[in-house]
Every structure is written in structure tokens, then in C-alpha cells.
Amino acid sequence: METLSVYVPKLVTNKEYIASGHRACSGCGEVLALRYVCKALGRNTIISNATGCMEIISSPLPETAWEVSWIHTLFENAAAVASGIESGLKALKRKHGYIKDVKVVAMGGDGATADIGLQALSGALERGHDFIYVCFDNEAYMNTGIQRSSETPFGASTTTAPSGKVSMGQHTWKKNMAAIAAAHNIPYVATSCSSYPFDIMYKIEKARKVKGPSYIHILSVCPTGWRCPSSDTIKMGRLAVETGVFPLYEIENGEYKMNFDYPKLRPVEDYLTAQGRFRHLTKEQIAEIQQKVIVEYEKIKMLSSRKKGK
Amino acid sequence: MKNDIIEIRWHGRGGQGAVTSAELTALAAIHEGKYAQAFPSFGPERRGAPVLAFNRIRTDRAVRERSGIIKPDIVVVIDPGLVSLINVTDGLKPGGTLIVNSARSVEDLQQDFSGDWKLAVVDAASIAKKLLGVNIVNTTMLGALIKATEVIDCDSLREPLEERFGARAKSNFEACKQAAENTVISEITPSGDKRPRSFAVEKLPKWNELPVGCVVTDVGNTKAFCTGNWKSQHPEWLDSKCIKCGICSIFCPEGCIKQQKDGFFRADLFYCKGCGICARECWTQAIKMVEEA
Ligand SMILES: Cc1ncc(C[n+]2csc(CCOP(=O)(O)OP(=O)(O)O)c2C)c(N)n1
Ligand code: SF4
Ligand code: SF4
Ligand code: SF4
């Protein structure tokens, strides 16, 4: 998709649903991903947004950057609020017959999704609400100053898991949210990345058409928390994908499909050494990460080659 | 200045380390047996946006004040561009000191301010670039603060710098010392013909003017907010190299690059935060980032 043509950007709608004047950091990859998500969703959408960077930078009361219906929720209940809205719409339909085709979307950061909001999300997926959940994963609690989450990768230095004399930073491996979502037997799960606009828009459009819950996990480059130059935002996301650190795939009704398969992955070192949060890693630690990345990548590939009924 | 309490306001941009400057100042003062406080001002603004940090230093007793600082004795401006954007001398006490990082001449800067203040100027950017290899001047500016006000002693910074920067403490300390040597001190007068300056003042509604439930019906009204003054560089287009692909416009986090009637692209500098993504991603290198004057 990304290599289709140089002229593909022309096909993307000019309409923006996140107005300029928002307060995201210079070079923020998360707001970039949000722009693409909203372009693909369009006007007939109701968004329930957990607190976090995207909520804070878009809604400094009495201002708002949103040009779609949007409600700010707490940190932990975006999926629960979305469930309520979706049920309310169903009730309206029962009472009044026809209502517009409105899609309900819940969104939050990795902290809101994989940590504090996980049970609300699990409940909403299990109950089968017709909604999309989008996780903007910048791999830490960035809004409050780079605290570790369960999505922070092994070896990254954060303010609550700092690297130093006694610690190498995060010592646990990144939680696999796509697999957790898929374990709810929902129709559509996908991963994407802020450096791949057409991939994001393709997957969101697809999720919009699904009846029932879908879950999209978007790796969103955060130059502030990853400690890299703001001009490198796009490059960093590409490196995450090309090194296999963050593979892009879909899980449709349980069936895996790798979207970008690289016969030869770039070494993870290219990705790790470009970011300040990994600066302290030793050769051995990098080798350990390399090994894990290959194992996980092969797993997804293996699952992708296995077709239903075989 | 015979004061029981000295209050300092730091002006920087998110990511430039104004908060670190304030913290180091407080630690140095505490090292000298004084009492000190350092705190930032919080807002939704991020990297690149103008931000504030503050210090309170007392010699007689612990600092028990917990309010904001409205009338500082000292103002330190870390980012040279802020002088023309923000009223940096707002509330500065008569007899107070204004310390500015700028490559401009003292005479030129004097034209910008009208008040009974001391002015200290240092070109911290060139010192930092030379000694630290980067244009990050928060530690360098501590030298100017020391020279202009003697609120802390240069040697008291040694330990806090080592704590914070480890192996890089030495070069930071050097930068600090060199800034102290190169700081030019002069006076500003309240009278005389001064360059007129005007600043946008944000007008917020009162709490009882907000609609119930904090509903905002004026969708996308952040458009009235200028984020363009966050930037320290801006993109310039070389149209002869442009193939009109639109990639730059797709990758702009501000959504502020638009196609013009002639088919070429331009950024709306009212919003552009100067991230440099467009220049980086343009296939044909038709975009160049240029430092703000
Ligand atoms: C229950 C609760 N705990 C803590 C907070 C403070 N808080 C607001 S946003 C945030 C971090 C958000 O992190 P994440 O969800 O990863 O999103 P990001 O900011 O990284 O986009 C925290 C801790 C809160 N609002 N509510
Ligand atoms: S902290 Fe990171 S995610 Fe949050 S606004 Fe800044 S760049 Fe974006
Ligand atoms: S990315 Fe470069 S070539 Fe493409 S439209 Fe922008 S300036 Fe022109
Ligand atoms: S530098 Fe380019 S990409 Fe960045 S905000 Fe400005 S116009 Fe947009």
C-alpha cells in the first residue's frame, strides 16, 4: 500500500477533522495518526476519548480541535462510555426506526488501553458492541511525563523505569494487545503505525464496515518520550516496521495476515540506537532484543500462513 | 538589592530545559545553606511552546510561599525569539534584572524595553554550540545569571551539575563559566524613544460563562490559536524541485501544508511548529528548513 505510487496522497481527502492550533508537541506522531484515523472515519462518527496526550492537546476548554462529535471520558472508561453510546443509538433506532449510519469509536493511549482501561475494553469487546477501539500506542504514559506502561518495550528508559547503575530501564516485554483483543473472538483486529498513513486509513475504513467490535493498535511515534529529533518521527515508525520490532498485520475472524512481509529484516540496532530511550543498552541486551524480535516476527508469519480449516 | 526573598522567572520553550535551569539554581542555593524552591508552570502546551519556570530563594528562613510569582526580581530569557513574542518584563520589579540570551547587540536590545532595570546580555547559543555541541543553553544561561545577580555562586553549581549530567557535567560547567565572562551588563531606562511592541493577550471566559457540561459547540476553534510561534525553524520550498506529490502535506502533524492554485505546496506559518518532518520526507529535497531570525 505504502509503495503503491508517489501520487497516492492526491487520493486522500483534504478534509481535516482535527483542526490546526492543537497543542501537540512539534513533530508528534500520535496526532498524525489521529489525523489519518479521523480522515478515514469521516463526519458520522462519535468519539469517546480517554484522557491522555490526544485528549489534552485537542481540548483546552473553551477551545476544541475536534470537528466530529467527541466526548472526553476518564482515564479508564473510554470503552464503557462507547458501549453506552452505542446502546443508546440502538435504543433510538428501535424507537424511531431509521437513524443515520453513525459509527461509535473509543480511543486512548497505551496506558488507557493496556493498563487502566483494559477491563472496560474487554467487557465491551466481549459484549459485542458495534464499535471500533483505537489504541494510540506511544509506549508510555506520555501526557504525564513518560511513565512506563505495559506497552513500554524491553530496555526503554522511562521516568518510572529509568536506566542507571542498578537498572537497565524497562525489564518486561511489551504486552501483546492485538492477541488479547483477538482472544475475544471479535471480527477484526489490526496493527498499524503512524508512519503508514494509507495503511491506517485502509484499516480504519475496513473496521468501519465491520458489524461488531474491532480493535486497531497503532504504534505512534512520540519524539518527546522516545528522545529523538522531531524531524525523525516518520523515519522512526518505518524503522520499527522494517526491523520487525512492530509488524503490521490483520486478524480477520481469527485469521492472521501479515501486511508487510520483509524477507530480510533490518537489524534492530538501527531502530534502537536512533532513540535516546535506548541509548544505554549494551551489545548483549541488543542481541537479546534481536532474538526476541525474530521469534515474535516468525510467530506472526507462521500464523499468517495457516489458513482456516487446515 | 536588599531582599529577604528573591524571585526568578525563566522563559524558555518546552524541551529547552528551563525547568532544569530553575532546579539547578535551587540546588546550588541550597548547597550554599540558603532555602530555595523551583517549580514550572503547567499548561497543555508541549515541546516548542513558550513555557515558564520559577525560583524562590530566601536566606532568612524556609520558603513557605506556595503561590505563583507575579512580580519577579529577575527574569531570564533562554530563547532569543521570545523577546518579540511575549512580554517578558511583565511584572518585573523596578530595579530588577533582565537577562537575555541573544546574538543581538546590547544597544539594539535596549530599544526593546522600557523600565528601570538592569539588562544582561549573552550570546549563549554560540557558547553552547562551541562547548556542548548543541544549541541547548539552559545550563549556559546559569553563568549569565551568576554574573548579573550573584544570587548563587558558580562553584555551588558543580555538585548539582555532576548529579544531573554525570560525565557531561564538566563541559556544562565550562559553558556556564564562559557565559559569565561574556555577559555584558548595562542599564535600561524607562524613558526615551523605544520600539513599539505589542503582544496578543489570551482572553478566557469566566467559569460562569461556560455552558453546563463544558460543551463546546464552536467546533475546531483551536484554529484561532497561533502555534506558529513555537518554532525555531521554518520550511522553505524550492518549487523547481517539487513534483507536486503531496507527501509533505500528508506527513505534517499540524495539517498546515496546503496545495496552492499553482499546484505547489506551502505551509501556513501561523500553525507550523517547525518540526522539520516535511523537509525530511520530501522525496526530491524541495524543502529546506531555515532558522528563524
Ligand atoms: C485514574 C486516573 N489516574 C491518573 C490520571 C492522570 N493521567 C492523565 S493522562 C495519563 C497518562 C496517559 O497515558 P496514555 O494512556 O499512555 O496516553 P498518552 O498520554 O501516552 O497518549 C495519566 C496518568 C487520570 N487522569 N486518571
Ligand atoms: S508527548 Fe509525545 S504523544 Fe504526547 S503530544 Fe508530545 S509527542 Fe505527542
Ligand atoms: S513532498 Fe516535496 S516534491 Fe512532494 S509536494 Fe511536497 S515539496 Fe513537492
Ligand atoms: S515543519 Fe513542515 S511538517 Fe513540521 S509543522 Fe511545519 S510545515 Fe508541518
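A, B, ... follow the sequence lines: proteins, then strands. Residue 1 opens every chain.
In this structure, the portion of A:R238 lying under 4.5 Å from any heavy atom of chain B is its side chain and not its backbone. The part of B:L210 that comes within reach of chain A is its side chain, from C-beta onward, which places non-hydrogen atoms under 4.5 angstrom from that chain. For a residue to count as touching a neighbouring chain, one of its non-hydrogen atoms must lie under 4.5 Å from one of that chain's; by this rule B:N221 touches chain A with backbone and side chain alike. Heavy atoms closer than 4.5 Å to chain A are found in both the backbone and the side chain of B:T222.
Partners of B:F173 under the ring pair (Phe, Tyr, Trp, His ring centres under 6.0 Å) rule, at least two apart in sequence or in another chain, do not exist in this structure. Residues that satisfy the ring pair (Phe, Tyr, Trp, His ring centres under 6.0 Å) test with B:W237, not counting sequence neighbours, are absent from this structure.
Under the 4.0 Å criterion applied to side-chain N and carboxylate O atoms, A:R35 and B:E254 are not assigned as salt-bridge partners. Residues A:E16 and B:K223 are not paired through a salt bridge, judged by the lack of any N-O separation under 4.0 Å between the basic side chain and the carboxylate.
Ranked by heavy-atom pairs under 4.5 Å with chain A, the first of B:P253, B:A279, B:C278, B:G228 is B:P253. Per-residue heavy-atom pair counts under 4.5 Å with chain A were compared for B:D218, B:V215, B:I250, and the maximum is reached by B:I250.
Annotation: residues 37-53 of chain A contacts chain B through A:C53 [non-hydrogen atoms, separation under 4.5 Å].
Applying the salt bridge (Lys or Arg N to Asp or Glu O under 4.0 Å) test to every pair with at least one member in residues 204-216 of chain B, sequence neighbours left out, gives these pairs: B:K206-B:E209.
Not a single donor-acceptor pair under 3.5 Å links the side chain of A:S231 to the backbone N or O of B:G276.
Among all heavy-atom pairs drawn from B:E281 and A:K235, the shortest one is OE2-N, 4.0 Å. Heavy atoms only, all atoms of each residue included: A:W66 and B:V219 are closest at O-CB, 3.5 Å.
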